[in-house]
Each structure stands twice: as structure tokens, then as C-alpha cells.
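Have a look at the structure below before the remarks.
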There are 4 protein chains.
Amino acid sequence: MSTQPTPTDDQEQVRQDFYRELETQNMGPLWVLFRNTMTAEPRQREVPHLWSWETVRPRLLRAGELVTTEEAERRVLMFLNPGDERKIGATATLYAAMQLILPGESARAHRHTPTALRFIVEGSGAFTCVDGEKVRMEPGDLVLTPPMVWHDHGSESEQPVIWLDGLDIPLMVALNCMFFEGYEGDAQPVTLPPAHSEKLFGRALMPRGSEHLASSRFSPLWNYRGTESREALKSLSESEGPDPFDGFLVRYTNPANGGEVLNSIGCRIQLLPKGLHTKAHRHTTSAVYHVAEGSGFSIIDGRRFNWTRGDTFAVPIWSMHEHAAGTGDAVLFSLTDDPLIQALGHQRTEVLTDNGGFQKEDFKLDPTS
Amino acid sequence: MSTQPTPTDDQEQVRQDFYRELETQNMGPLWVLFRNTMTAEPRQREVPHLWSWETVRPRLLRAGELVTTEEAERRVLMFLNPGDERKIGATATLYAAMQLILPGESARAHRHTPTALRFIVEGSGAFTCVDGEKVRMEPGDLVLTPPMVWHDHGSESEQPVIWLDGLDIPLMVALNCMFFEGYEGDAQPVTLPPAHSEKLFGRALMPRGSEHLASSRFSPLWNYRGTESREALKSLSESEGPDPFDGFLVRYTNPANGGEVLNSIGCRIQLLPKGLHTKAHRHTTSAVYHVAEGSGFSIIDGRRFNWTRGDTFAVPIWSMHEHAAGTGDAVLFSLTDDPLIQALGHQRTEVLTDNGGFQKEDFKLDPTS
Amino acid sequence: MSTQPTPTDDQEQVRQDFYRELETQNMGPLWVLFRNTMTAEPRQREVPHLWSWETVRPRLLRAGELVTTEEAERRVLMFLNPGDERKIGATATLYAAMQLILPGESARAHRHTPTALRFIVEGSGAFTCVDGEKVRMEPGDLVLTPPMVWHDHGSESEQPVIWLDGLDIPLMVALNCMFFEGYEGDAQPVTLPPAHSEKLFGRALMPRGSEHLASSRFSPLWNYRGTESREALKSLSESEGPDPFDGFLVRYTNPANGGEVLNSIGCRIQLLPKGLHTKAHRHTTSAVYHVAEGSGFSIIDGRRFNWTRGDTFAVPIWSMHEHAAGTGDAVLFSLTDDPLIQALGHQRTEVLTDNGGFQKEDFKLDPTS
Amino acid sequence: MSTQPTPTDDQEQVRQDFYRELETQNMGPLWVLFRNTMTAEPRQREVPHLWSWETVRPRLLRAGELVTTEEAERRVLMFLNPGDERKIGATATLYAAMQLILPGESARAHRHTPTALRFIVEGSGAFTCVDGEKVRMEPGDLVLTPPMVWHDHGSESEQPVIWLDGLDIPLMVALNCMFFEGYEGDAQPVTLPPAHSEKLFGRALMPRGSEHLASSRFSPLWNYRGTESREALKSLSESEGPDPFDGFLVRYTNPANGGEVLNSIGCRIQLLPKGLHTKAHRHTTSAVYHVAEGSGFSIIDGRRFNWTRGDTFAVPIWSMHEHAAGTGDAVLFSLTDDPLIQALGHQRTEVLTDNGGFQKEDFKLDPTS
């Protein structure tokens, strides 16, 4: 099975010369690099992290004062994972950020390959126009702006409106598959009745001739109402017991094929009833969680992160995590790269078996609480 | 390419003897039977037919007086196609019937292989219990009771409640695949909150662990509300022009996979705006139409059928048909064996090109108007 | 829950009058017909039956002497199930027959909605031309002629060539979905190289632009070679133990999507090693078996059917069955309506648990052995 | 739509202070970074590049002299794209490399999340053992070692054996989804007959109980024989005209579902008949080509790359490319990230319309020919 014994110093010099020569030919020796690349498990690169609402909100309002006319339509604070050298993502694949729109503002229509969603955090009266439909947005709503679908937005509110942006920019940068296009003219025309996609696709009623949507990589339903997802969680919690790892969780679904709402990003919302403490597990998907209701804490890779409404936190790939609601019910919205990992067939889960399935917190290691 | 010339009388006798001998061996000569079986096109067997509400309703109420205690839970008038020798179907594959339930009545829980649906025609306050969920029914609602799913029903109304039953009994008889099972005990227990399937599946929100539903042959949503389908038709009619053959048509969809709501029966509802007269075509699916709103007429294989609210009519396979609304908007609910024909890959459509796409009526041939 | 007590004679007369009146309106009372139609289990209609090669072959050769020139291209002896009133099928859905082609004969090109396959029983040198490809046929080969695909055939042999025909004519008659079309001209032109579909689709190599085949309802591979299926059975039998119900069984597959080779008919071939006796079960699919190699017997609904090479036998829906090889290995080819039953979601299986899983034979009931 | 005019220097200082403060909170201003990230089109990062056989082969043999016993099982020269800062890939998603195995050598069994394939370049008599099946390898064969499937290899040849390795390591590094596992013991036991997967899956014959493979992300067929793919190309070239962009191209297919052979990597082989010069296009997939037969050249982003048997070249995402065969037929094997891009729904193609569809070469820009 072998060819040569361990090299002497002279031999090692010959090898180093050979490696350098290879480099000039745009080649490299796998046997040298193998060990660093082909690790037994994912090495920790992106880390668990929480961006608190009390930190984010004032800075977002401050940004409202500082940005120029032109910049206003990107008045967005990106959440950057401390471990991401590229300074673009909240996890290896997911971008998350908080966007502020002030009364009377609007953004020009555009479209792009990155997949995008909005989860409304604060304020009524803003809208996103998606593919000819003006979609009104209320807190708790999930609004989709899928790849290469025209969208613009504006506010008819008298208050600031804030939402969480979720995109797959880190993935698209890795693939170098970025296309961005501005609409000719500021806003696209509104061609469809209000709530059109909700009245059809959101009620499992497909218009004649929409069979092609079954093979689309994104949902034709633009708004998943917060009031409806909350009702669904309530009904679910009255129909069965909680899942040990997720409490009561529902998956936002593409009604045209039952799949995920977006090509690379799945959306979930889960109810953790008062006092529930889920068991710990880890998996090959990464996620960004946003606290939509209540308060509680999560333990991620042994660190405790206390959270309350408005907070956002990242759980990287293969990070052990568990959640606990506080003194009232808590609701977590999350985005995950599960659709991508599933498409590749790499889903894998490991359940913590020690200590009854709960991590021991190491408070010294926890920088945020 | 040949072996023998045309036979003489003697030879013919030999052949007949041979055929008889074959019969004793449970064999038969294809060359004799070929021409009658392998026809160029479907021969007319089931025929277009209309059952008018003014004929059906009084007889249904009369049945309410005549049936016994035990019979009451099958107080159903079957619509039998004049061309169906088996006396079971409204078309070759579809059974249709009208069911009456009187105040305080109920039916014992059962399940069966035939696929079933209900379209509520008259009366509020009845319910169907499906798989542990008590589903209230209002006029215009479509309620599913899929194959081998437990269901029972009852009425808490003070009025008679009437609905259209649609099943695939003729198909199941042809396949000889009939299984029927009564529930132990009269009614199944109600284990789920009211409108549970609507709040989850009907809002494109799938509970964790329901991935297996993607490969189910029927929808997990039990009630498609009439108010919602009517809203969808309105929004559709405001967003685009009518389809030349179907006006404004939506397909009830299984939100778990985007497919048909039932394995062998598809459900549709369509708005024909005041004055719209669709063009004629025919296809390899058969359908039963029920007039949910308004009045108008259809021309089927050259015969005119006037219809108004409550009427039901059958369009057999390969029958040329066109529809026209009267002096107001009309809404037609329909069931079709499209899912079966699609599964077999036999979908085929022929558009009438003569006479501007409209059939000439031959009033002499029309027995019903 | 009730309305009326059991009727008196007078009341019964009123009811009978009502029923007759309903009949004039093309309606019928479900409560009367219910019990006969909605049976707890499929009633026995088609029955188990075996057509022996020693009975079939001489009659087929005799037919070769009797049929006329024109009839010769349908020189086919149909296998008619004793329980099928329509005199068309071997089971409720499947047609099976034996076809003879004599040296120099040919059949004109045609196509039709019924799905068809050929399993070659005897003789080399005949061919079927399918969609422009001339497909040579050898004993043991499975050749497909799917719905609405042009096909013709001929013989360049010096011997009679005989094959088993399998179609879904009974199903198509039930659906009344029969279309038949003759080719203009006798034979279609051969436009493709020999064994073209085998060299591409039969080797899991799909030409650019053939993505649409993934949603086709039939395989693009026209010939599944007997030599190859036999090799596969051998390799399978060397890699694992036999299945308790099927021995070593492989499914002929559509390489464009992994599904069944035909829309309504699945094809299987199975090796029963010398001495293997499988356990009994029954299911909601029906099948026709053809003995390709060896001899043995099957017990179907308690009746024993001895079989040897060339025999064909039918197993109706829900018939309990088990197979046993004789003193050498046996190979059974079979066609089944499994794809149809699967598409409808009605698959159901019941395993015999009594008597160690084997049926007791009742020789008195067995008319064939 | 605006809030603030263009900032003064003082204001700019305030902004810079704000940005720095954001950084301490692991946040960043999107409006600053937007323009660099959200580009109109992919920027050139990885570049077209060719690794010539005459450069690679001697260095590979030299590596055979230099590596140690332990290193020998990774005696692989990686092809590193000059534009890839991570020094891991031939394109943004694909790793390609050339591996040498000397007589009597073997590699220990292992498995990992990266997807892998081998295209045999030189030498007979080596084998890869995949999941219990010993797969012999001949020049022109494509051998799969999919994610988390055990594999080891060895050589029973008396000559060096060389193959091209293709993997998705760059993608897996981006996702940080690396798992690697060594087998306990050196080699896995051979439990299956020779060519088992070829005799079953490679002939469109699926063993009973293999239905689950339909949802697998990789093919169950381990070896796609070079002799068979060459025959397929020949038959294809005799049945139709060449595609303007690809000549005669076949896609290696997963026979269990008709999809790609691997989750993230598609494999293709194409025949460019003598003298054929394809038209130029570009798309959102990247590929690595290997010259399996003949010689010719490609023009990629305006640079000409001459190639001959054994050469390997990379075509990055969105690079305009065209191919031309030389004085004989040429055959190109290629791997592409098409399955990944399709799964995400980002496929996009642009055809060159200027100059008759052919690029003008700029020889000055071409560093390799």
C-alpha cells in the first residue's frame, strides 16, 4: 500500500521545491492540504450570536438621520457573524438585517438572484409591491420577494416601519451567481387586485393555467399573515403535544407544490408555551431566529443567550441548541438553509443524550447575557 | 403479409366450430372482436343529461318522508346516466347524487375506498366529522371525505340540509376494488379544534412532521369555503380576461403537494360573467357540473340544456360542450375525472373550429329544454 | 337519527311506486342499492385461471391455418377470464393474449390509447418497429408499444414466432377512452439506428433535450432484453436472500424517471430458485403471470395450479396466492395493474398468518390440476 | 423618497464614526456595501484555465516518487483556478484533480460529505470498491463515489493507473458542511457480485424494495462504462443532427429517478465530429472539461485554448464559450454544477448573437496556447 518511507530533511527540501513548482502551474498537492480541509466534522467558523433589539433599534433610528436621499432605500443594518471573514452573513449561507422605512419613503423597483424575505417587526402601513401586486404589511407578516421577481416598497404610515430582511447573499457570493437589475421607471405598475395572491394561492385555489407553478422554486403567495400563522400555532397547540425539540412548529409552505416557500431559504414559526424547555440537538442546517413574541433563552453550543421580543440570533451549522420560553408563551420566527441542505441530501441530525438531553451552561463562556 | 383468402361457407363453418371450441377453453379470437372494441373514437355510451333542481328537490323531500330509520343515513337520490347499463354513474367514472339530512339526524361513522366529496347546496348547521375534526358546512362549501378516511355527519340545523355527493363508485366497481368499513361505535370522537385543517393546511402552513402528506393522494384540508372560492373568482375576474373555454376557473388544490384534492376526482369552480358564451371543445375527461349561482345554458353534443341554480348536469367523455351565462353572473361547480386521465397520460382535447367555435343547436334532439 | 319505522305493506307499495317514478327521472334510491354495491371486500368476480401452453399452442397454430389475409395481423387468441361478463379481460383491468406471426407476415402500422407490451415466448427473427426504431425480438425480451406510439411488426424468421400480448383494454373499455388510428401507408419508415433506445436510455444515458421524458407516462426504452433480465436475476440471487413472497424479483423501470414502464401496467420478472415455496398474501392489484422458465405451481384462493414453461395464469384482485418452484429454478414474468392502483392510492396488502403462512389446498376445488 | 442631502465632511466623519461603532456590535451598513456586492452580473473571479496533459502527467509520475507511504493514498494533484483565493477549486463550486495509483497500491476505505466521481484516463486493472461492490475501472469509465458512501480503491495493474477526480469541495467548504469518516479496518468487505449495480440499475431493472432510491440524491449505478457511452454517442450522431452549442451530448442519468447522477455535480459526455465548431453561449453553471478523445480547441471569454487528449480545462460561471473539433472526432467528458443551479432555480443562458454566434479570438489575451 506504500511507496516511500518518511522523508529526510533533504527529501523534504525536494518536496517543497516540487510544491512550489506545482504552484506555478496552478496545481497543488492534495496530500498536504487534505487534513486541513477534510475534517471529521464542520469546524467552528461562524459562531452563535445574538443581536438584541435594544442594541439594534436605536442604531437603526440613528441611521434614519444619517443616510442620504439615495442611500435611504438601503437603510439596512446588516447582522454580521463574528466568524464570517467575508463580513456578509449571519451564518455561512444566510444574510439577516434590519430595515427601516420612514413615513413617505419608497424604494425603486428592482430584482436580483438572491432570494429575499421580510418579517415585519414594527409599524403598520408600509407595503411591498411584488410582481404587480401591492402587498400591505403588518407586524408578524412574512412577505416574499423571490429571485428575479420585481419588487419595490413604500410607506403610507405615519410611523417608522421596521422589518427583518432575510436573504441568501452569502450563498450567492460563494457561487458567484449575482445578477441585479433596476426597473425602468421608479415603481412597477399595480396590475392586480389587493391581496390577489392570498385570495387564490393562499386559499389553495389555483387559477386555470397555473400548473407551471408546480415546478417553480418559490411560492406564488406573497404574504403569509401574522394573524393567520398565530392562529395556526394556537390550533396546533390544542391538537397535540409539543415536539421535544421544536415545541409547536409550522412550516410556511408553497401551496403550488407543498415545498418550501423559497429556493434556498425555508421559513418556520414556532410556539414555545410558557415554561417549555426543549431538548438539545444539532443539525447540518443553519438558521436565524427572530423573537416575534414573549421572552426566554436559548443555549447554543453551551452558551446561554437570553432573548426578548425583537431580538435576532444565529445558530450556525452543527451547533447544539435548545430553547426555553420564559414566564409567558414565546413565538420564534426563523429562516433556515434547510431547502439547500435537503436538495443536496446532506441533512443530518444529532440529539444530545447526556444530562437528560439538556446542555450544561457555561456562563463564563457566554459573552452576551 | 397474408395466409388465406376469404373463406367459403364450409370454411366459415369450420371457423365457427373453432370459435366455439376456443370458448370452452376460455379463449377468444381477437380478429373477430377487434373491430367492435378498438374503435377510432369513443362510442357514445353515457350521454349528456341534466337533473333539474325543480325535479330533484321535491323528490328528495318526499324521500325524507318515506325512508326508515336505518335507511335515513343513506337518504340519497342517485343521478343515473341514461346510457349507463350498470345504473350506478352519472358518467363512466363519476357517481353524483343529492343527499338530504333532516334536523337532528346523523349518520354512523364509516370509511371506504371510493373517493367522496360534498358540495353544499342548501341549509346551514350540518357538519361532517372527518378524521377527528368536526367540519361545519355552509352552502357553497366543498367538503372532502377521501378514501379510507373515517367520516360521519349530523345536523344541528332546524332546516333540511341538502348537498351534492360526488364519488368515483363507477370506477371502483370497474376495478372491483371496493372496501367498506363501519366504525366501532356510532360516531368517532372529536379530537381536533374547530377548523383545524383550515387554519393550518388551508393557510399554507404545514405542521412539523407532515412531510409525508406530500405523497398522499388526497388533500389534508377538509373544507374549501364557499365564501373564499367566491372571493377568489372575483379577484381572478378582476385580474385578467376570461379563458375562451372556461371563463374564470379555479382548481381546488391539495396544499401539501399542489395536486388535485382527490385521487381520482378533481374539483373546479368557475365564474361565467353575465353574457359570456364560451367556445366549444371536447376532451377525454368526463365531468358533472352543478349550478351554484345564476342561470344560463350549455350546449353539449348539439343539444341545449338550460340550467339554473341547483341543477346538475353530466358531460360524458369526448362530448363537445360550451357554456353561456344568462342575464347575471353564473357560477358552476364541477367534478371531473381529470386526475385519473392525467395519471394515465390520456389527456386529449379537440377544439371546435367550425362556425366560429360554437355548436349549432339542434332543438329537436334536445329532450330536456 | 331516524325518521320512520319499518314500513307496512301499504307503505312498501308507496315506496315501490316512488322508486319507479324516480327511474323515469333517471334517478335511483341509494338506500336500496347501497348494500349490494358498498361491500366490505371485493366480491369474487374475475377468478383465478390458468391457460396451459399445451392447450394454447396447437390452437394458435390452428388459427394460423384458418384466418384470412386481412385477419392475419390480428391472429391473436385472447385469454378470457371465466368471471368477466364483458369477455375481454384476463383480470378486471388486464387483457392478455397469445399472438402468432408466420414467416414473411407483417402487420400494418397503427397506434391506440390502450397500453401494450409483448413478452416473446418462441422464435427468433421477428421485429416490432416502434416510433421509427426497428426492434428485434428474441425469446425472453419485453417489448413496449405504449399508448399512441406508432408500431408495426413483421417476421424475417423461417419459423413461427409467438409472443404474449398484454394490454389494458378492460380498463380502457370501462373508461370509454378508446382511440385507434391506422398509419397512412403500411409501415412507418425506419429513421433510427438499430438498438438506438437500448444504447441510450437502456444504458442510463439521456440525450440532451430529453428532459421532457421525465414526465412521460411510459418508458423511452423499447426492448428489455431477456438475456439481461436473466443476468440481473442471477446477480440479485447471489447478493441477498429471497423475499418471502416474491423470491428474487426485479421491476422493469422507466429510466427517464425511475417509474413503471407503462402508465397502467407494471412489468416484473422473478426467479424462484429450485424448491422455494413463497408465503401467501393478497393485495389490491391484479396480475397475469407467464412462465418463462422451469415449472412449479401456485396456490390461488385455495386452488392449486401446476404450471410449466409457456403457461399463463391470472391472479385477480384480492386473491390469496403463493408460488412454488419445482425441481429446477423457475422464472415468472408478470404484468400487473399496480401503477394504476398506486396512482389511485389504493394499494393494500394482507399476509396470510394461519398455517405458517401457507394456504391449505383443497384439491376438489381445483379444476386444472 | 429621501431624508438627507449629500453629507458634508463633518457629516461624513459622523457617519464613519457610526460605521465603526456598528462594527463593534457586529453590524454593518448595507448602503455602503451594497454596490460592491449586488453587481449587475457575476464579476470575473475564477477564470478560464487549461491544465495540459503534457504538464500534468510527468508531475504526477514525479509525485509517485516523492510521496510517503501514508501520503500515497492521496497522491493527487489538484487543479487550482488562478482566481480562487481559497486555493481549493477549479471553479467556484467544483474541485478537479488528477490521481495516480501505482501497481499494488491501495487506499483505506472512507466516506465523506463531498460528492465525488472518477473519470478513468489511463491504465487498466484498478478498482474502486463502492458500498460492498468491487468496481473495475477501464479508461473512459465514469465511476461514482457519492456522499457518505463507503469507498476504497486499489490496483491489480502492472502499470500506473490515472484518473480525473471531480468533487464539490469548494461548495462544501462554503457551506462548512464537511464530514469525513474512516472505515474501521482498511478495506470494506466485498459483499456483492461483480458488476452488480450495472446488471440491475444499469439495465433499468430495479430490485424489489428499492423504491426508496427514487428520492435518493445520487445514482445507485457505480460505473458508467466508457465503451457504452461511446456507443451511445455514435448512435445519437447517426440519429439526428448536432446541437449548435453542444454537438452530440448525453447526460449520465440516475436510473432510479431520471435525475442527475450526483446531488451537486452533473456529468456529460459529448461528441464533436471532425470539423464541427459550436456556437458560443454562456450560462450560470460552471464546468470542468476533460478531453477523452481527439483534439481541438475552445474559445472561452475570447481566449483560445487548444486541447488534446488528457487535457482538462475550466469554464467558470457566465463565461462565454464555444468548442471546435480538430481533424478527427473529439469527445469531451465534463462535470458541471448544473444540478445545484437547477435546484436553486438560477439557470440562465445567453447566446452570442454577434459575428454569426462565434467569438473573435484575442490571441494576446490567451496565456496558454
Side-chain angles (χ1 to χ4, degrees), chain B residues 1-7 15 18 22 25-28 30-31 34 37-42 45 49 55 59 62 64 66-69 71-72 74-80 82 87 92-93 97 102 105-106 112-113 147 169 174-180 217 263-264 284 317 343-346, chain C residues 1-7 14-15 18 22 25-28 30-31 34 37-42 45 49 55 59 64 66-69 71-72 74-80 82 87 92-93 97 102 105-106 112-113 147 169 174-180 217 263-264 284 317 343-346:
Chain B
M1 183 178 137
S2 71
T3 47
Q4 303 287 331
T6 306
R15 288 157 57 98
F18 180 55
L22 283 178
Q25 300 297 323
N26 292 297
M27 292 193 276
L30 177 64
W31 58 95
F34 184 81
T37 303
M38 302 296 275
T39 53
E41 288 194 356
R45 198 172 62 185
H49 194 75
T55 302
R59 285 168 181 78
R62 175 76 171 131
L66 292 177
V67 301
T68 63
T69 299
E71 292 165 342
R74 317 276 174 225
R75 193 194 294 107
V76 175
L77 294 187
M78 300 185 292
F79 294 163
L80 303 177
K87 298 289 180 203
T93 54
L102 294 174
E105 288 186 336
S106 65
H112 41 67
T113 45
I169 294 177
L175 301 183
N176 197 21
C177 186
M178 183 68 68
F179 292 84
F180 179 94
R217 298 301 186 208
N263 55 342
S264 58
T284 44
I317 187 173
L344 293 171
H346 288 312
Chain C
M1 186 178 135
S2 70
T3 47
Q4 304 287 331
T6 307
V14 170
R15 288 156 58 98
F18 180 55
L22 283 179
Q25 301 297 324
N26 293 298
M27 292 193 276
L30 177 64
W31 60 94
F34 184 81
T37 303
M38 302 295 274
T39 53
E41 288 194 355
R45 198 174 62 188
H49 195 75
T55 303
R59 286 168 180 79
L66 292 177
V67 303
T68 63
T69 298
E71 291 164 342
R74 317 274 173 228
R75 193 195 293 107
V76 175
L77 293 187
M78 301 185 291
F79 293 163
L80 303 177
K87 298 286 178 207
T93 54
L102 294 173
E105 289 185 335
S106 65
H112 41 67
T113 45
I169 295 177
L175 301 184
N176 197 20
C177 186
M178 184 68 70
F179 292 83
F180 180 93
R217 299 299 187 210
N263 55 342
S264 58
T284 44
I317 185 173
L344 294 171
H346 288 313

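The model shown is predicted, which means the values in this text are computed figures rather than measured ones. A, B, ... follow the sequence lines: proteins, then strands. Residue 1 opens every chain.
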Gap separating the CE atom of C:Met78 from the CG atom of B:Asn26, nearest 0.5 angstrom: 11.5 Å
Rounded distance [0.5 Å steps], NE2 in B:His346 versus CZ in C:Phe179: 10.0 Å
Main-chain N/O of B:Leu66 paired to C:Arg15 side chain as donor or acceptor, under 3.5 Å: yes
Under 4.5 Å from any heavy atom of chain B - which part of C:Leu77: both
Atom group of C:Ala343 that falls short of 4.5 Å from chain B, counting heavy atoms: both
Nearest atoms (heavy-atom pairs only) where [X] meets [Y]:
X: B:Trp31; Y: C:Glu71; answer: CD1-CD, 3.4 Å
X: C:Phe79; Y: B:Met27; answer: CE2-SD, 3.8 Å
X: C:Leu30; Y: B:Arg74; answer: CB-O, 4.0 Å
X: C:Cys177; Y: B:Pro42; answer: CA-CG, 4.4 Å
X: B:Ala92; Y: C:Ala174; answer: CB-O, 3.7 Å

When C:Val14, C:Thr39, C:Thr55 are compared by non-hydrogen pairs under 4.5 Å with chain B, the top option: C:Thr39
Considering only heavy atoms, which portion of [X] lies under 4.5 Å from any heavy atom of chain C: side chain, backbone, both, or neither?
X: B:Leu22; result: side chain
X: B:Pro82; result: both
X: B:Leu175; result: both
X: B:Ser264; result: both

Which of B:Asn176, B:Val76, B:Leu80, B:Ile169 touches chain C most, by non-hydrogen pairs under 4.5 Å: B:Asn176
Partner chain C: residue of B:Arg59, B:Glu41, B:His112, B:Arg62 with the largest heavy-atom pair count (under 4.5 Å): B:Arg59
For C:Arg217, all residues meeting side chain to side chain donor-acceptor pair (under 3.5 Å), sequence neighbours excluded: none
Side chain to side chain donor-acceptor pair (under 3.5 Å) partners for C:Thr113, two or more places apart: none
